[in-house]
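In what follows, a single structure is set out as structure tokens and then discussed.
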Amino acid sequence: MTEDVLSMRGVTRDYAVGGSFRKKRTLRALRGIDLAVARGRTLGLVGESGCGKSTLAKILLGVENPSAGTVLVGGKPIETYDRLERARLIQPVFQDPYSSLNPRMTVERIIGAPLKVRGEGNAASQRARVQEIAGEVGLPHHLVEAYPSQLSGGQRQRVAIARALIGKPEILICDEPTSALDVSVQSQILNLLHRLKRELNLTMILISHNLAVVNHLADEVAVMYLGQIVEHGASEAIFERAHHPYSNALLKAVLPPRAGSRLPELGLQADFPSPLNPPSGCAFHPRCPKNDGTLCVRVDPPAAGGSHVYRCHHPDHMSDADMRVLEPSR
Ligand code: ADP
Ligand code: MG
């Protein structure tokens, strides 16, 4: 048995939105998330903008608290760690490497900051470690003297990755790490993450609205829709035989990838629903080609399947015979 280094049980996150106190409404950004990631594995988390990916990331990073449910890191509740302990274990890499890097600091100071905060070693050893990690992420030596504005987008993201890794974390949470980069640079950064995860045995969550981005990196894929995980399985299983019609819509959208396209064109009829007013039954039913007009509209499908979990009354790639076996007795 491999140990789950990260897990979530029934995690819900509500935000109060709207003007005055009386008009406040509840926006449920996450709805009962169950998720576990084993050590050394990479989980790709995909779904359209607004489905709750960043909220999930913030909860794993401890910068937001769940409204309900539990988060375990290394088997212990996340709230039992203080900020420094958490930062030692879990580090983020964000989408926009420019706004996440202090423009007034040199690359050397940015990358070395975590060592300084913790008082690890002296100035000379810190500098040596910065040079070492800069080399590992493929930053030319002379650039450690540069400022973020003098770097390309890809170089900035390498700086952000170096800063995340310098304290030897076990877990890396990458939230859309390549979405702000040119297509040609995206694959370089993904290759870098791929190499680092193997060399450092990192446990990684790779968040993207684009399934193609997680394709080569993720051992398993979780597909999110309106605050829920609607399908979760091994990458091969998802890419070869996705069960949820939404996963299949996402898969169709990413092939072939078009340069410059940010958000996938899903070819689905309706728009992404508002989490302030979620559809009844299966949240995907208004857009789903398999909507039966009755069960789908009334009943939120429970999680089914074993190691390949899905929430759908009429999963794709299942014969009628398969369906009869699965049909609950009503
Ligand atoms: P994603 O990263 O998948 O695009 P987010 O997690 O950022 O999605 O957002 C999920 C939902 O929660 C969205 O409807 C968003 O508007 C809402 N949301 C996120 N953060 C806040 C917040 N601080 N206050 C109110 N609503 C929020
Ligand atoms: Mg986001």
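For clarity, every value in this text was computed on a predicted model and none was experimentally measured. In each ligand, atom 1 is the first atom listed, and ligand 1 is the first ligand listed.
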> Quick one: are the ring centres of H244 and Y225 less than 6.0 Å apart?
Replying inline: no

> If you count the atoms of ligand 1 from 1 in the order shown, which ones are under 4.0 Å from a heavy atom of S54?
Replying inline: 1 (P), 2 (O), 6 (O), 7 (O)

> Can you tell me if an N/O/S atom from S54 lies under 2.8 Å from the Mg ion (ligand 2)?
Replying inline: yes

>> Check for me whether the distance between the ring centres of H308 and H232 falls short of 6.0 Å.
In response: no

>> Is it the case that ligand 1 has an N or O less than 3.5 angstrom from some N or O of C51?
In response: yes

> Who's the nearest protein heavy-atom neighbour of atom 23 (N) of ligand 1, and how far?
Replying inline: Y15 CE2, 3.6 Å

> So, R158 and E136, do they make that salt bridge, N to O below 4.0 Å?
Replying inline: no

> Looking at R311 and E231, does any basic side-chain N land under 4.0 Å from a carboxylate oxygen?
Replying inline: no

>> Strictly less than 4.0 Å: does any protein heavy-atom distance to atom 15 (C) of ligand 1 fall in that range?
In response: no

> Do R287 and E48 pass the salt bridge (Lys or Arg N to Asp or Glu O under 4.0 Å) test, and can you show the C-alpha distance, the side-chain angles, and the key distance before you say yes or no?
Replying inline: CA-CA 13 Å; R287 303 171 82 190; E48 279 162 284; 2.9 Å; yes

> Of the listed options (T55, L30, I59, L45), which comes nearest to atom 9 (O) of ligand 1 when hydrogens are ignored and any heavy atom counts?
Replying inline: T55

> For atom 1 (P) of ligand 1, what's the nearest protein heavy atom and its distance?
Replying inline: G50 N, 3.4 Å

> What about V17: any of its N or O atoms under 3.5 Å from an N or O on ligand 1?
Replying inline: no

> Which ligand 1 atoms does S49 reach within 4.0 Å, using its non-hydrogen atoms?
Replying inline: 4 (O)

> Applying a 4.0 Å heavy-atom criterion (strictly less than), which segment of L27 is in contact with ligand 1: side chain, backbone, both, or neither?
Replying inline: side chain

